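Notes follow once the structure below has been shown.
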Amino acid sequence: MTAVRSESPELLASPSSLAFPPGFVWGAASAAYQVEGAADEDGRTPSIWDTFSHTPGRVVNGDTGDIATDHYHRFRDDVRLMRDLNLGSYRFSVSWSRVQPTGRGPAVQRGLDFYRKLVDELLDKGITPFATLYHWDLPQDLEDIGGWTVRETSDRFADYAEMVAEALGDRVPYWTTLNEPWCSAFLGYGSGVHAPGRTAPESALKAAHHLNLAHGRAIGVLRSVLPANARTSITLNLHQVRARTDSAADLDAARRIDAVGNRIFLGPLLGDGYPADLLADTAHVVDWGALVKDGDLAETSRPVDMLGVNYYTPTLVSDGRPGEQGPRHHAHGKSAYSPWPGSEHVAFHLPPGQTTAMQWAVDASGLYDLLTRMHREHPNLPLMVTENGAAYEDYVSPDGTVNDPRRIAYVHSHLTAVHRAIQDGADVRGYFLWSLMDNFEWAYGYSKRFGAVYVDFATQRRVPKRSAHWYASVARANVLPDLPKEDGGF
Ligand code: FCB
């Protein structure tokens with residue numbers, strides 16, 4: 001493992017550098033299935049992602065998370081790396097089938113012990129643990145009874161939340177229930193490019209409601225188990241939707257995507273219920289009256305202490321035949337129809353300008369727009385950027401370093417947007433880089449590198465990229481310096 005060298009403080013002393021509020025949290029994020037490996041150790045049973053990745057044709061190169069970055073065995077070294085990176089917080093997720101194999105019954109202590117040890121190691125190094133209960137890895141046994149398309153899965157999730165909160169509640173101050181339920185519902189059950197790979201619009205909408213319900217039930221449980229000062233949240237990948245023109249048809253396309261991409265979660269979670277336009281747009285797909293039972297919306301809207309926002313790229317739409325260019329995460333084009341129920345005639349376009357290795361447009365103004373919108377609509381709800389980052393084609397140079405100027409420029413522009421949103425009143429409490437290290441990027445396997453730390457998957461050697469050194473200096477100073485000239489600054 002190579003140590004992280006921090007850049008000199010003089011770099012930071014420019015009149016145009018941006019100071020962040022005192023106490024701003026600088027973190028990095030990961031997810032269990034993407035990093036842990038140890039897929040069948042200590043009693044863990046398969047999740048939908050184990051099944052999916054082992055199904056030929058689902059993941060690029062047939063990659064799986066069986067070994068991933070072997071974080072399950074190397075977490076102590078990884079936490080040391082985080083300390084060298086000056087991280088204030090580490091956002092990780094808990095593998096449900098590791099702590100409760102099959103998704104029912106008692107907790108497995110060996111599974112919980114892994115997270116206890118991880119959390120203790122973090123605390124020992126002064127890093128605040130931020131736990132996500134669910135980052136897409138439903139126990140396969142629950143999928144076999146219907147997965148997120150059935151209500152029972154919401155009850156199971158609340159039980160699971162209780163056992164994790166009881167085990168870790170005394171030492172984890174930040175909790176998020178679900179990561180990006182939109183992806184679980186619409187990529188898992190709509191377009192099928194994510195596990196469990198189902199392709200039925202009605203199932204996607206049912207899954208969305210049951211995820212909302214699972215979240216609300218878990219919030220109830222967390223509030224009764226956790227100490228009063230623990231912070232609860234949910235993390236959404238809000239779509240910053242833009243219409244290609246101001247025509248009424250294009251604006252309507254944007255409205256539809258905002259409904260099925262954003263307000264389908266924001267409404268029921270934050271107290272406004274399901275939006276009337278969404279219900280009308282999707283009435284031909286699902287019977288909402290049967291799906292949403294009396295009392296459900298009181299559960300889904302239990303108050304949270306914070307909203308986690310994940311942002312990578314804006315979404316540009318127009319009215320028309322679905323285009324070649326789907327929204328991010330369905331780039332494989334495996335689905336023959338739009339995975340967006342009620343928006344079947346919306347076309348997606350690649351916004352102009354630079355792209356990352358995911359072919360996602362680089363546009364930090366989308367993050368500013370999202371944060372300020374959330375602040376306008378929910379002025380008393382603190383926000384955290386729980387994921388932001390970029391994949392590039394990184395490699396180790398002959399001198400042993402990884403030079404990734406475009407990632408530095410990407411993060412710099414997005415941090416500038418966060419700073420501007422804060423200046424304009426948004427209550428943004430922290431920023432988590434996606435990701436700490438290169439890892440299993442879902443349907444893209446190991447072909448896309450999002451890490452600040454490079455991982456040689458053959459040897460598991462970690463090499464902090466230049467962006468890691470740069471991010472470490474920003475985190476230490478709580479100040480964003482000018483972009484270095486060699487990274488595209490002036
Ligand atoms: C987000 C996921 C995360 C990672 C990034 C690139 O949608 O939450 O696991 O895949 O995208």
Side-chain angles (χ1 to χ4, degrees), residues 27-36 47-49 52-53 58-60 63-65 68-69 71 90-96 130-138 176-188 190-191 193-195 211 215 233-240 261-262 265 307-315 326-332 339 355-362 366-367 370 384-394 404 407 410-411 414 431-453 455 467:
S30 75
Y33 190 71
Q34 295 182 275
V35 298
E36 285 180 4
S47 74
I48 53 176
W49 267 98
F52 189 78
S53 66
R58 293 301 204 175
V59 175
V60 171
D63 291 340
T64 73
T69 68
H71 177 69
Y90 175 54
R91 175 173 173 249
F92 62 95
S93 82
V94 177
S95 157
W96 186 344
F130 187 130
T132 298
L133 285 168
Y134 184 76
H135 199 124
W136 304 352
D137 44 358
L138 189 71
T176 203
T177 52
L178 305 173
N179 177 73
E180 302 189 350
W182 183 87
C183 293
S184 299
F186 292 96
L187 304 184
S191 67
V193 299
H194 277 190
L211 284 153
H215 156 81
S233 61
I234 184 166
T235 279
L236 301 179
N237 57 316
L238 294 173
H239 299 71
Q240 178 52 37
N262 298 330
F265 297 103
L307 178 66
V309 175
N310 291 356
Y311 172 82
Y312 291 89
T313 189
T315 304
R328 71 187 189 87
H329 280 306
H330 3 116
H332 298 309
T355 54
T356 68
M358 301 293 283
Q359 300 308 313
W360 296 349
V362 178
L367 181 55
L370 270 183
M384 280 256 191
V385 178
T386 36
E387 283 180 29
N388 175 244
Y392 289 107
E393 272 142 26
D394 306 312
D404 57 342
R407 182 171 291 101
Y410 179 99
V411 176
H414 287 76
Y431 174 92
F432 288 75
L433 185 64
W434 183 271
S435 181
L436 174 67
M437 54 188 162
D438 297 337
N439 57 45
F440 176 80
E441 178 48 36
W442 307 114
Y444 295 89
Y446 299 100
S447 70
K448 302 292 177 202
R449 295 181 175 275
F450 272 92
V453 175
V455 177
S467 61

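Nothing here was measured: the structure is a model prediction, and the numbers come from that model. Atoms within a ligand are numbered from 1 in the order they appear, just like the ligands themselves.
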Contact region, Asn179 to ligand 1, non-hydrogen atoms below 4.0 Å, reads side chain

Could you say whether the N/O atoms of Trp136 and ligand 1 ever approach to under 3.5 Å? no

Does the side chain of Thr176 reach to within under 4.5 Å of the side chain of Phe130, using non-hydrogen atoms? yes

Tell me, please, which residues at least two apart from Ser93 pass side-chain hydrogen bond (donor to acceptor under 3.5 Å, both in side chains). none

Taking only non-hydrogen atoms of Glu441 and a 4.0 Å limit, the atoms of ligand 1 in range are 4 (C), 6 (C), 10 (O)

Polar side chain donor-acceptor pair, Ser467 to Asp404, under 3.5 angstrom: yes

Using a 4.0 Å heavy-atom cut-off, which part of His135 comes near ligand 1: side chain, backbone, both, or neither? side chain

So do the side chains of Pro181 and Ile234 get within less than 4.5 Å of each other, counting heavy atoms only? yes

Quick one: ring pair (Phe, Tyr, Trp, His ring centres under 6.0 Å) partners of Phe440, sequence neighbours excluded? Tyr33, Tyr446

Ligand-side contact atoms (ligand 1) for residue partner Phe450, heavy atom cut-off under 4.0 Å: 6 (C)

